[in-house]
Amino acid sequence: MVKMKSPLRVFIEVSMKELIKGFRRQMIKWRNAFLLGSIMTTIVVLLHTPTFPIFSDDEETESSSSSSSSPIYLNGSLHLNIQIVSSESKVESFPALTATPTKELNSSSGGKPVDESVLSRKRRKRKKRKKTKDELILPDPPPAPKHVLSSSERHALSLPPKEALAYAKLEIQRAPQVVNDTDLFAPVFRNLSVFKRSYELMELILKVYIYPDGEKPIFHQPHLNGIYASEGWFMKLMESNTQFVTKNPEKAHLFYMPYSVKQLQHAIFVPGSHNIKPLSIFLRDYVNMLSIKYPFWNRTHGSDHFLVACHDWGPYTVNEHPELSRNAIKALCNADLSDGIFVPGKDVSLPETSIRNAGRPLRYIGNGNRVSQRPILAFFAGNLHGRVRPQLLKHWRNKDEDMRIYGPLPHNVARKMTYVQHMKSSKYCLCPMGYEVNSPRIVEAIYYECVPVVIADNFVLPFSDLLDWSAFSVVVPEKEIPRLKEILLEIPMRRYLKMQSSVKMVQRHFLWSPKPRRYDVFHMILHSIWFNLINQNQTSSSSSSHHDPDS
C-alpha cells in the first residue's frame with residue numbers, strides 16, 4: 001500500500017525546493033525569504049508540540065466512530081496530525097488530566113515546593129492581617145533599666161521581713177522627684193514619684209509565699225475567661241512567677257491564699273438556695289487549718305495575708321472568720337464602701353476584666369477609633385439589673401440621638417453596629433453598676449479608648465490609691481442621671497481630648513498578658529497589695545487587741 005503524503009508536507013517540500021533554487025539563482029528577495037523562514041519555523045514547532053483534543057467527549061466519540069484516521073483542520077487551515085481517541089484511551093494516553101496534580105520541585109531551592117511557598121506567604125499575610133484586626137499587638141517592652149544598688153539597698157536585702165518593710169516605707173516617704181519620665185505617663189498618677197520608688201522597691205525586696213494546701217478546683221485551678229477572670233489570671237501568673245515567689249515562708253513579706261471564689265461557687269453553692277453561707281464556712285475552716293498547721297497566721301493575725309476575689313460574692317465569703325474579714329488584705333472587684341467589708345487603705349480594688357479567649361487574652365480588645373470617628377456622645381447596652389440601670393433607661397432610652405442607651409442591644413441595631421463598634425464609635429461609654437458596684441465595662445471602655453463614665457455610688461475605683469481617675473474618666477452621682485447629657489456637654493473639648501489621650505496611656509495598666517510585663521495589671525495588683533501592706537497602720541499589738549479567740 002502506497003503511503004500518501006499530506007498536503008501540508010507536500011507544500012513544505014515544494015517551498016523548500018523553490019527556496020533553494022532561488023538562492024542558487026540569486027533571484028529571491030531577502031524580505032520574502034525571512035518571512036517564509038518564520039512561517040516554516042512556526043509550522044515545525046507546532047508539528048512537534050503535543051496538543052490536547054479540542055472537542056467535548058460526545059463530539060470525540062462521534063468523530064472516532066466515523067473517521068478515526070481522517071485529518072482534522074482548525075479554522076480550515078492548520079492540520080494537526082493527532083488521532084482522536086475514545087474516552088477510555090484518552091485516560092490511558094493522558095493520565096495527568098485525571099490524576100491528582102503533582103507539585104513540581106525546584107531543584108535550585110533544595111526540593112521545596114514552589115507552589116507551597118507561595119501559599120505559605122499568602123497564609124502568613126492573611127494571618128497577620130487577621131491578628132492586626134482582632135488582637136491588640138503590644139510592642140516588646142524595653143528591658144528593665146539596670147539599677148545599681150546603693151549600700152542601703154544591699155543592706156535591705158539581708159533584713160528580716162518586718163525590718164525590710166520599715167525600710168521600704170521610709171524610702172517611699174522620701175522618694176526622689178521624677179521629672180520627664182519616659183516610661184510612665186505622669187498625668188494618670190496621683191504621685192508618679194511615690195509610685196516609681198515603691199515599684200522599684202517591690203521589684204527589689206518583695207517575696208510572696210503561696211500556701212500549697214487545698215485541692216482543685218477551688219484551690220490552684222484558675223478560671224481564665226469571663227467577667228470574673230481577674231482572680232484566675234492573677235492566680236495563674238502568681239503561681240508561675242519566679243521573681244516574687246519564695247519557697248521559704250520565713251523570708252516572705254506576704255502570704256497568698258490561692259483559692260477562687262468562682263470555683264468555690266461551682267463546687268459548693270446549691271443553685272436556687274439563695275444561701276452563700278456554706279461558702280463562708282468553707283473558707284473559715286480553711287483559714288483555721290492554716291493557723292493550726294503553720295505559725296504565720298497567728299503571728300500577725302492575718303494582716304500580712306491576702307486573697308484575690310473578683311466574684312460579686314467575694315466580700316461576703318469572709319464573714320464567718322472575723323480576722324479574715326478584718327485583718328487580711330482583700331483584693332476585691334466588688335469594692336463597695338457601703339457594706340462595711342472593704343477597708344480603704346488596707347484592701348485593694350481589683351479591676352474586673354472580661355476575657356473572651358483564655359489562650360489569647362489580648363484578642364478582641366483594643367484598636368479604638370480616632371476622635372473624629374466617634375460621632376456618638378454616650379453609649380450603654382446591657383441587662384437591666386440593679387437600681388441604677390432602670391433609671392438610666394427611664395430617662396434616656398429613645399430620648400436623644402446622641403445618647404445611645406439600650407437594654408440588651410437589639411438585634412436590628414446589632415446587625416448594623418456591634419456592641420464593640422458602638423464602644424469604638426462613642427466619645428463616652430457609660431458604666432452603671434449592676435447588682436454590685438463593679439462593672440467590666442469600665443476596663444472595656446479603656447480597652448476601646450472610650451472615656452468611661454462611672455455611675456456607682458460608694459465604688460472604690462481600681463488602683464485609686466495611685467491612679468488619678470479624674471484624668472481619664474468621669475464619675476457621675478446616681479442622682480445626676482437626669483442631667484447626664486448636660487454634664488457631658490459641659491466638659492470642654494480640650495479637656496475631653498486630654499482624657500481620651502490619657503485613656504490610651506493608662507490602657508497598659510489594665511492588660512493581661514500570658515507573660516507578665518512591667519506595669520501591667522498583674523504587677524499593678526501585686527504592687528497595690530504591697531503598697532497597702534507598707535502603709536497600713538495595723539500592728540501586731542493592735543490586731544491582737546481585736547483578736548477573737550473563738551474564730
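Residue pairs meeting the salt bridge (Lys or Arg N to Asp or Glu O under 4.0 Å) criterion with at least one partner in residues 207-234, sequence neighbours excluded, are Asp213-Lys293. Within the structure, disulfide (SG to SG under 2.5 Å) pairs that include any residue of residues 372-417 do not occur (at least two apart or interchain).
Residues Glu490 and Lys485 are not paired through a salt bridge, judged by the lack of any N-O separation under 4.0 Å between the basic side chain and the carboxylate. Using a 4.0 Å cut-off between charged side-chain N and carboxylate O, Asp347 and Lys330 make a salt bridge.
Inter-residue side-chain proximity for Pro514 and Pro361 is flagged as met; some heavy-atom pair is nearer than 4.5 Å. A 4.5 Å side-chain heavy-atom check between Pro375 and Ser425 finds at least one atom pair inside the cut-off. Contact of the Asp183 side chain with the Arg518 side chain is registered, since non-hydrogen atoms from C-beta on lie closer than 4.5 Å. Side-chain atoms of Arg389 and Phe380, non-hydrogen and from C-beta on, do get closer than 4.5 Å to each other. Using a 4.5 Å heavy-atom cutoff, the side chains of Asp520 and Trp512 are not in contact.
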As a quick check of understanding, evaluate side chain to side chain contact (heavy atoms under 4.5 Å, CB included) for Ile487 and Glu480, giving each step before the final call. CA-CA 9 Å; Ile487 291 172; Glu480 297 291 346; 3.8 Å; yes

For Phe269 and Trp313, run ring pair (Phe, Tyr, Trp, His ring centres under 6.0 Å): C-alpha distance rounded to whole Å, both residues' side-chain angles, the deciding distance at 0.1 Å, then the answer. CA-CA 11 Å; Phe269 179 70; Trp313 298 348; 4.8 Å; yes

Using ring pair (Phe, Tyr, Trp, His ring centres under 6.0 Å), reason through Phe306 and Phe255 one step at a time and then give a plain yes or no. CA-CA 6 Å; Phe306 73 95; Phe255 293 81; 9.4 Å; no

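Side-chain atoms of Thr418 do not come within 3.5 Å of backbone N or O of Ala414 as any donor-acceptor pair. Between the side chain of Thr353 and the main chain of Phe510, no donor-acceptor pair closer than 3.5 Å is present. Side-chain atoms of Ser198 never come within 3.5 Å of backbone atoms of Phe195 as a donor-acceptor pair (strictly under, hydrogens ignored). The backbone N or O of Ala358 lies less than 3.5 Å from no partner atom in the side chain of Trp233, so there is not a single donor-acceptor pair. Formation of a donor-acceptor pair under 3.5 Å by the Arg374 side chain with backbone atoms of Met423 is found in this model. Side-chain atoms of Asp336 never come within 3.5 Å of backbone atoms of Val437 as a donor-acceptor pair (strictly under, hydrogens ignored). Using a distance-only test at 3.5 Å, with no hydrogens or angles considered, no donor-acceptor pair links the side chain of Lys424 to the main chain of Arg370. Side-chain N or O atoms of His523 include one that pairs as donor or acceptor with a backbone N or O of Arg517 at under 3.5 Å. A donor-acceptor pair is defined here as one N or O able to donate and one able to accept, closer than 3.5 Å; no such pair exists between the side chain of Asn532 and the backbone of Ile529. The closest donor-acceptor contact from the side chain of Asp457 to the backbone of Glu478 lies under 3.5 Å.
You'll find the ring centres of Phe522 and Phe234 inside the 6.0 Å limit. Aromatic ring centres of Phe189 and His509: separated by under 6.0 Å. Ring centroids of Tyr199 and Phe531 are separated by 6.0 Å or more, keeping the two rings apart.
Atoms CD1 and CD, from Ile446 and Glu444 in turn, are 11.0 Å apart once rounded to the nearest 0.5 Å. We find the CZ-CG distance between Arg483 and Leu489 to be 11.0 Å, quoted to the nearest 0.5 Å. For the atom pair CD1 of Ile276 and CD1 of Ile268, the computed distance is 12.0 Å after rounding to the nearest 0.5 Å. Annotation: the span from Tyr428 atom OH to Leu484 atom CG amounts to 10.5 Å, rounded to 0.5 Å. The distance from the CG atom of Leu184 to the CG atom of Asp181 is 5.0 Å, given to the nearest 0.5 Å. Going from atom CD1 of Ile227 over to atom CG of Asp312 covers 6.5 Å, rounded to the nearest 0.5 Å.
For Pro222, the side chain to side chain contact (heavy atoms under 4.5 Å, CB included) test picks out Leu224, Met235, Lys236, with sequence neighbours left out.
In this structure, Tyr211 and Tyr209 have perpendicular ring planes: the angle between them is above 60°, well past the 30° mark. Using the six-membered ring where Trp is involved, His422 and Tyr406 have ring planes that are perpendicular, over 60° apart on the 30 and 60° scheme.
Results of the side chain to side chain contact (heavy atoms under 4.5 Å, CB included) test with Cys431 over Cys450, Pro452, Pro440 single out Pro452 as the only residue that passes.
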